Peer 1: 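There's a structure below that I have some questions on.
Positions are given from 1, in the same order as the sequence printed here. Just so it is clear, the model here is predicted, and its values are computed rather than measured. Indexing begins at 1, ligand by ligand and atom by atom, following the structure's order.
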Amino acid sequence: MTVIDDARLIPIRRKVEAGERLSFDDGVTLYRTSDILSVGYLANLVRERMHGDATYFNVNRHINPTDVCVASCRLCAFGKRVRDPKAYTMSLDEVWHRAGEGWSEAVTEFHIVGGLHPELTLDWYCEMLRGLKQRFPQVHLKAFTMVEIAYLARRGGISIRETLERLRDAGMDSMPGGGAEIFNERVRRIICDHKIDGNEWLETARTAHQLGLRSNCTMLYGHIENDEDRADHLVKLRALQDETHGFVTFIPLAFHPDNTALQHISKTTGFADIKNIAVARLMLDNIPHIKAYWVMMTPRIAQIALRFGADDLDGTIVEERIYHDAGATTEQGLRRAELLQLIRKAGRRPVERDTLYRPVERSEATFTVLV
Ligand code: V47
């Protein structure tokens, strides 16, 4: 039992201790309070109830086949116009070659996302996936945000379901959580007006889950959204999860303003980053994992988050572009040993996992997924 400084949290503590669901209003109250220790205490209670001391990480590699993007979102520093001399698009051979580069430790996951390229076709992406599976049959392909799927469907003149089926049949194993941003339309119109809207993002996720694909989900905070927008976003994710049970992990993403059209906005603080982890753990009672994405939070804050509701640090990554284009000063990748050290020094028990959280046993160059 801890001392609760903010009396508004007392009814919330009662609900959390009784395992009851929190409401939209509770979410707003949690975002409004400065009593971060009480919020963290409650989030840690839930985290330990669900996972004990286990803290997950994976050995993965990010691949961003192109930064060409037709969307021009104000929030983004990664996407470039097709004629921008600084834009790049990898050939299929380059994607396959890049996938095998980097550290010697065998990766268990490729995390593949890119811009909305006006010329790359669904067939091109399917060939990319088939080529990766052929060369790296043991590696899980977590590929394409709901935004990329919806764009490929629209360009190809086919349904979202058929697009997902074709990608799945070509080797897509699951999907990352990006592109959700904030579902509120007022905010979305300002930060990413050329993207699918919140309902379309949710509908695409629903279809993916109905096809048996698992995915992650995210929320971008620290720009022009308010407490109600964030609580609403979490409640909408929770409602879809009640229906499909398809979300594996939630990742709160802090807005990085550098080199974006919103660079006048201040960077988020450590306080906000920790708070977003804790509130997510409390509100998303049906999503198994909360990820403290170290690239975005810095390894130091991500480590603290392991005591405020997070049970996952993400992975080795090797080469990150989206956050580094927007001013992230963290490393491009971390070694497995560094992730182990961060987790152990937080007094937690590291568990290497695959994308679907099955434990992994490994030597340097090979791994076995324990089922
Ligand atoms: O979709 C883009 C966001 C996302 C900026 O599923 C920005 O395991 C902050 O989704 N500042 C990509 N955020 C990252 C992402 C992700 C990362 C790690 C793990 C997983 C997972 C997913 O980053 C984008 C967008 O929401 N983003 N620009 C920016 N300037």
Side-chain angles (χ1 to χ4, degrees), residues 56-58 60-64 67 69 71-80 108-116 140-151 173-183 187-188 191-192 195-196 198 201 205 208 213-225 233 237 246-263 265-268 272-273 276 287-297 302 310 312-330 333 353-357:
Y56 299 94
F57 71 99
N58 71 348
N60 64 349
R61 192 192 210 294
H62 280 206
I63 304 174
N64 306 119
D67 65 357
C69 191
S72 300
C73 296
R74 287 194 187 86
L75 69 91
C76 184
F78 172 72
K80 313 270 182 317
T108 62
E109 168 191 283
F110 292 135
H111 168 122
I112 308 168
V113 295
L116 309 181
H140 181 108
L141 304 182
K142 184 180 80 181
F144 314 125
T145 63
M146 306 304 160
V147 177
E148 291 168 273
I149 300 291
Y151 181 68
D173 293 304
S174 72
M175 300 164 70
E181 321 310 2
I182 281 276
F183 294 138
V187 176
R188 225 173 159 85
I191 66 169
C192 57
K195 240 180 213 179
I196 52 172
W201 191 97
L213 289 158
R214 312 292 299 278
S215 81
N216 291 340
C217 52
T218 57
M219 175 179 76
L220 188 73
Y221 66 90
H223 40 89
I224 56 162
E225 89 291 357
H233 189 93
L237 288 173
F247 291 126
V248 184
T249 304
F250 173 77
I251 310 125
L253 295 170
F255 176 57
H256 281 41
D258 290 358
N259 308 316
T260 74
L262 300 172
Q263 55 188 341
I265 294 176
S266 317
K267 293 186 168 73
T268 63
D273 294 343
N276 271 283
I287 298 189
H289 301 282
I290 304 290
K291 188 183 285 188
Y293 182 40
W294 65 262
V295 171
M296 171 276 284
M297 302 183 84
D312 191 298
L313 279 184
D314 202 80
T316 48
I317 295 171
V318 185
E319 189 184 12
E320 201 285 333
R321 285 175 188 259
I322 296 174
Y323 272 84
H324 286 84
D325 282 359
T329 54
T330 45
R353 60 163 176 90
D354 71 353
T355 309
L356 302 176
Y357 289 80

Peer 1: How far is atom 24 (C) of ligand 1 from its nearest protein heavy atom, and which residue and atom name does that atom have?
Peer 2: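 Ranking protein heavy atoms by distance from atom 24 (C) of ligand 1, first comes G179 N, 4.1 Å.
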Peer 1: Is there a polar contact between ligand 1 and F255, counting only N or O atoms under 3.5 Å apart?
Peer 2: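 In this structure, F255 places no N or O atom under 3.5 Å from an N or O of ligand 1.
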Peer 1: Between R61 and E319, does any NZ, NE, NH1 or NH2 come within less than 4.0 Å of an OD or OE carboxylate oxygen?
Peer 2: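 Yes, E319 and R61 are salt-bridged.
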Peer 1: Can you check which of V113, L253, T268, N216 brings a heavy atom nearest to atom 4 (C) of ligand 1?
Peer 2: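 Comparing heavy atoms across V113, L253, T268, N216, the nearest one to atom 4 (C) of ligand 1 lies in L253.
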Peer 1: Please list, in number order, the atoms of ligand 1 under 4.0 Å from a heavy atom of I251.
Peer 2: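 Answer, ordered by atom number: 6 (O), 8 (O), 20 (C), 21 (C).
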Peer 1: Taking atom types as modelled and ignoring hydrogens, do the side chains of Y293 and D312 form a donor-acceptor contact shorter than 3.5 angstrom?
Peer 2: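 The answer is no; no qualifying pair exists.
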Peer 1: I'd like the name of whichever of Y293, Y323, F250 reaches closest to atom 17 (C) of ligand 1 through any heavy atom.
Peer 2: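 Going through Y293, Y323, F250 one by one, Y293 has the nearest heavy atom to atom 17 (C) of ligand 1.
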Peer 1: Can you tell which of H62, H111, K142, E181 gets a heavy atom nearest to atom 26 (O) of ligand 1?
Peer 2: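 It is E181 that holds the nearest heavy atom.
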Peer 1: Suppose I only count heavy atoms of A326 and a 4.0 Å limit; which atoms of ligand 1 are within that range?
Peer 2: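 Once the distances to A326 are compared, the set is 30 (N).
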Peer 1: For atom 6 (O) of ligand 1, what's the nearest protein heavy atom and its distance?
Peer 2: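 Sorting protein heavy atoms by distance from atom 6 (O) of ligand 1 puts G177 N, 2.8 Å first.
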Peer 1: Which atoms from ligand 1 have a heavy atom of P176 less than 4.0 Å away?
Peer 2: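 In order of number, 6 (O).
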Peer 1: Run the salt-bridge test on D173 and R214 with the 4.0 Å N-O cut-off and return the result as yes or no.
Peer 2: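 Result for this pair is no, no salt bridge flagged.
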Peer 1: Does a side-chain N-to-carboxylate-O contact under 4.0 Å join K267 and D273?
Peer 2: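 Looking at D273 together with K267, the answer is no, because their closest N to O distance does not fall below 4.0 Å.
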Peer 1: Can you find a pair of side-chain heavy atoms, one from C69 and one from Y151, that are under 4.5 Å apart?
Peer 2: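 No - every pair of side-chain heavy atoms lies 4.5 Å or more apart.
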Peer 1: Counting heavy atoms only, name the option from L220, L75, N60 that's nearest to atom 29 (C) of ligand 1.
Peer 2: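 Considering heavy atoms of L220, L75, N60, the nearest to atom 29 (C) of ligand 1 sits in L75.
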Peer 1: Which of the numbered atoms in ligand 1 are below 4.0 angstrom from a heavy atom of D314?
Peer 2: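 That gives atoms 19 (C) of ligand 1.
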Peer 1: Could you list the atoms of ligand 1 found under 4.0 angstrom from a heavy atom of G178?
Peer 2: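 Matching atoms, with element in brackets: 1 (O), 10 (O).
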Peer 1: Which one holds for A254 and ligand 1: side chain close, backbone close, both close, or neither close, with close meaning a heavy atom under 4.0 Å?
Peer 2: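 Answer for A254: backbone.
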Peer 1: Do the side-chain N and O atoms of Q263 and T260 include a donor-acceptor pair separated by under 3.5 angstrom?
Peer 2: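 On atom types as modelled, these side chains do not qualify, holding no pair under 3.5 Å.
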Peer 1: What do you reckon, does M296 put a non-hydrogen atom under 4.0 Å from ligand 1?
Peer 2: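 No, M296 has no heavy atoms under 4.0 Å from ligand 1.
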Peer 1: Can you confirm if the aromatic rings of F110 and H140 lie within a centre distance of less than 6.0 Å?
Peer 2: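 No, the ring of H140 stays outside the 6.0 Å limit from the ring of F110, centre to centre.
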Peer 1: Give a yes or no on whether the ring-centroid distance for Y56 and Y357 is below 6.0 angstrom.
Peer 2: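 Yes, they do, as the ring centres are separated by less than 6.0 Å.
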Peer 1: Got a donor-acceptor contact below 3.5 angstrom from the N60 side chain to the I317 backbone?
Peer 2: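 Answer holds: yes.
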Peer 1: For atom 12 (C) of ligand 1, what is the closest protein heavy atom, and at what distance to 0.1 Å?
Peer 2: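 Protein heavy atom at minimum distance: I322 CD1, 3.9 Å.
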Peer 1: Regarding E109 and N58, do their side chains bring together a donor and an acceptor under 3.5 Å, going by distance alone?
Peer 2: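 Looking only at side-chain atoms, N58 and E109 do form a donor-acceptor pair, the distance falling under 3.5 Å.
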Peer 1: What protein heavy atom sits nearest atom 11 (N) of ligand 1, and how far away is it?
Peer 2: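 Looking only at protein heavy atoms, the one closest to atom 11 (N) of ligand 1 is H256 N, 2.8 Å.
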